[in-house]
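Report on the structure given below.
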Amino acid sequence: MTKREVIRILNEIGVLLELKGESFFKSRAYYEAARKLEIIDEDIEKLVSQQRLENIEGFGRALTQKITELVTTGQLKYYNKLRESIPSGLLDMLKIQGLGPKRIMTIHASLGINTIDELKKACEEDKLLDLPRFSKKIQAKILEGINNLNNYADKFHYNIGEMVANELLKHIINSPYVKRCQVAGSLRRKKEVVKDIDIIASSDNPHEVMNIFTNHSYVKEIIAKGETKSSVVLVNGMNADIRVVNDDEYPYALHHFTGSKEHNTALRHVAKKHGLKINEYGIFNGQQKIKCKDEVDFFKVFDMKYIHPELRENYGELEAALNNKLPHLVTLGDIKGMVHVHTMYSDGSATIKQLAKECIARGYKYLLISDHSKSAVYAGGLSEDEIKMQHEEIDILNEKYTDFKIFKGIESDILTDGSLDYSDEVLKSFDFIIGSVHSSFRMNEEKMTKRIIKALNNPYMTILGHPTGRLLLNRAGYKINIDKIIDTCIENNIIIEINANPYRLDIDWRYIKAAKDKGAKFVISSDAHSIKEFEYMRYGVNVARKGWLEHRDIFNCLSLEKVVDYLKL
DNA sequence: GCCGTTTTCGGCCCGACTGTTTTCAGTCG
C-alpha cells in the first residue's frame with residue numbers, strides 16, 4: 001500500500017469519526033497523523049518494517065498499530081467497520097454549506113436519509129421541519145446549499161481568485177474608513193487552487209466597511225454579516241470573507257487568517273513553550289499584550305525571522321525560522337530569461353521576432369524557443385524542414401542582438417516507448433530539448449515511469465516538461481513514481497520544469513523542497529503560446545517560492561553567459 | 001486519538017455568526 005493511500009484512509013477515518021460524533025480531538029489525531037506522513041520524506045513501508053513510526057510525535061500505540069496493519073496487510077478492519085456503519089452518501093453531505101456532522105447524523109437517524117438526492121427531496125417535501133433545532137429557514141439553507149453544490153465549483157484556479165480578490169480589494173481600500181487592508185488566506189499563501197477569498201481590514205468604523213464589502217456588485221448573497229466578520233457568495237459562486245479589526249490588532253489578525261491552519265497550530269505550540277498565547281487579536285503574556293506593528297514584529301516575539309506567507313504550510317518553516325535557515329526566496333525580478341515558448345511555427349500566436357521584442361521590453365536577456373515536435377500533429381508539430389527554416393530565422397535575428405540571444409529548442413514528445421521523435425541528427429541541431437509526455441496518459445505506473453526514465457537517459461534531453469501532466473481541477477497527473485523520476489533527473493543532470501501555466505503549475509510545489517535538498521535543479525517556464533501568456537511567469541515563481549527555491553536553484557536565473565556555458569554552445 | 005517535571009486522567013484551539021431558544025448548539029475558518 002502506498003503512502004498516499006494510507007494518508008487518504010487516515011483522513012477519511014477522521015471525517016467518519018466526526019460524523020459519528022466522536023471527540024473532535026480524536027479526529028484531529030488522524031488528520032495530524034496524515035499530515036505528518038505527507039511531510040516526512042520517507043518510505044512508509046520502511047517506517048513500518050523498521051518500527052520507527054512510534055518514535056514520531058503524534059503516533060501513539062493505536063495509530064502505529066493501525067498503520068502497520070494497513071501497510072502489511074493492505075486492509076484495516078477498524079476502517080472497514082467504520083465505513084460499513086456510515087453510508088458513503090453522508091460523507092458527500094459534508095460538502096453542503098451550512099450542514100455539518102451533527103445535523104447530518106440527526107437527519108440520517110430520524111429520517112433514514114442516506115444520499116444528497118434523498119435529502120433534497122426531503123427538503124422539498126418539508127420533512128426536516130420537525131427535527132430538533134431545525135426550522136423552515138435552516139431547511140431552505142440546506143436546499144440552497146445542495147443547489148449551489150450542483151451549480152458551482154467548490155475550488156478555483158489561483159489566477160481567477162487573484163483577479164476577483166484584487167477587484168474587491170480595490171473597492172474596499174478606497175474607503176476613507178479603511179486604514180490597512182489586504183488579501184489573506186490561501187490566496188496570500190499562493191496556493192495553486194483556492195476555495196475562497198479572505199480579506200483583512202483595519203478600521204475604526206467596521207460597520208461602514210461591512211456595508212462597502214457586502215454592497216459590491218460581485219456579491220450575490222450575504223451569508224453572514226456582523227461587526228467583525230462578514231461572509232458572502234459572489235456571482236461566480238466563490239465565497240468571500242472579510243474580517244475587520246482595530247488597527248493595532250491588524251498584524252495578529254493578518255497572520256491568523258493567512259494560516260495555514262497547520263502553521264498556526266504549530267506556532268501556538270511554540271508560543272506555549274514561551275508561556276505565551278496567540279489568537280487573532282494579539283499575542284498575550286498573561287493579561288499583557290505584546291505589541292507588534294506588523295508581521296515582522298510578530299515573528300520576532302518568538303525569536304524567528306519573518307516567514308513569507310508562501311512557506312506557512314507547516315513544512316518545516318518554523319524550525320528553519322528559529323535556526324535562521326529560511327531560504328532567500330526567488331522573486332520574479334531574479335528571472336533572466338523566458339523559457340518554453342511556442343511560436344507560430346506550431347500552435348503559438350506570435351512570431352519569433354515579436355516574442356524576442358517583448359522579452360527585451362521586459363528586461364529578459366534570453367528566449368528559449370520550443371515549439372511542438374512532429375508527433376504533436378494536433379498542435380502543428382514541426383517537420384524536419386520547418387525546423388531548418390526556424391533555425392535559419394533565429395540565426396538571422398541573433399545577428400542583430402548584442403545583449404540578447406534566442407536559443408533553438410523543441411518540446412519533443414516522449415513517445416510511448418520513451419524515445420524522442422526525431423533522429424539523433426536532428427536532435428543534435430538544437431541548443432536544448434524539453435521532453436514532455438503528450439499522449440497515452442493512462443499507462444500504468446510502472447510503464448509510465450519506465451517510459452519517462454528512458455527519455456531522461458537520452459543524452460540530448462535538457463529539461464523534463466510538465467513532469468506529471470496534470471491539469472488542475474480537471475485531470476490528475478499520469479501515474480508515475482515521482483521519486484524515481486526526480487532521482488533520475490538529478491543523476492542525469494536534467495532540469496525539472498515548473499510549468500507556470502496556471503492551469504498546470506506542474507511540478508507540484510509539494511515535491512520541490514525534498515527534490516531541492518537532494519540536488520535537483522529547476523526551470524520556471526511560461527509554456528506561453530502568446531505574448532500575453534508571458535504573464536504566467538509570476539504563477540510559476542509562486543510555485544517555486546512555495547517549494548523553498550532560491551535563485552541559485554533555478555536555471556533561468558542564470559546570466560546569458562552562464563546559460564551559453566551550460567548549454568555548451 | 002495523543003501526551004505527560006501539576007503524568008495514567010484530563011486537557012487538547014477558539015472566536016464569530018446564525019438561528020433557535022431564553023442560555024446554547026451547530027457550523028465555519
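So you know, we letter chains A, B, ... as the sequences are listed, proteins then strands, and number each from 1.
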Open item on the list: Regarding B:dC2, can its base be found pairing with the side chain of A:Arg61 as donor and acceptor, where the two atoms are less than 3.5 Å apart?
Closed with: no
Task: Nearest-nucleotide pick for A:Asp198, side chain only, options being B:dG29, B:dA16, B:dG1 - done: B:dG29
Open item on the list: The side chain of A:Ile138 is closest to which nucleotide in this list: B:dG19, B:dG29, B:dC12?
Closed with: B:dG19
- [ ] Please check the phosphate of B:dC2 (OP1 and OP2 only) for any side-chain N or O of A:Tyr31 closer than 4.0 Å.
- [x] no
Open item on the list: If you take any heavy atom closer than 4.0 Å to DNA chain B, which residues from residues 87-112 of chain A end up in contact?
Closed with: A:Ile96, A:Gln97, A:Gly98, A:Leu99, A:Gly100, A:Pro101, A:Lys102, A:Arg103
TODO: Identify which nucleotide among B:dG19, B:dC14, B:dC17 has an atom closest to any side-chain atom of A:Lys277, counting heavy atoms from C-beta outward.
DONE: B:dC14
Open item on the list: Ignoring hydrogens and geometry beyond distance, is a side-chain donor-acceptor pair present between A:Ser202 and A:Arg180 at under 3.5 Å?
Closed with: no
Task: Pairwise 5' ranking along DNA chain B for A:Ile56 and A:Lys136, keeping only the more 5' one - done: A:Ile56
Task: side chain to side chain contact (heavy atoms under 4.5 Å, CB included) partner of A:Leu128, the single match among A:Leu119, A:Ile138, A:Leu143 - done: A:Leu119
- [ ] Mind telling me whether A:Tyr306 and A:His308 have parallel, tilted or perpendicular rings, with 30° and 60° as the class edges?
- [x] perpendicular
Task: Candidate nucleotides B:dG29, B:dT18, B:dC3, ranked by approach to the side chain of A:Glu57 - the nearest - done: B:dC3
Open item on the list: Using the side-chain heavy atoms of A:Arg133, tell me which of these nucleotides is nearest: B:dC17, B:dA25, B:dG1.
Closed with: B:dA25
Open item on the list: From the set B:dG1, B:dT18, B:dG15, return the single nucleotide nearest to any side-chain atom of A:Lys141.
Closed with: B:dT18
Task: Nearest heavy-atom neighbours spanning A:Cys181 and A:Val178 - done: CB-CG1, 3.6 Å
- [ ] For the pair A:His255 and A:His263, name the ring-plane relationship: parallel under 30°, tilted 30 to 60°, perpendicular over 60°.
- [x] tilted
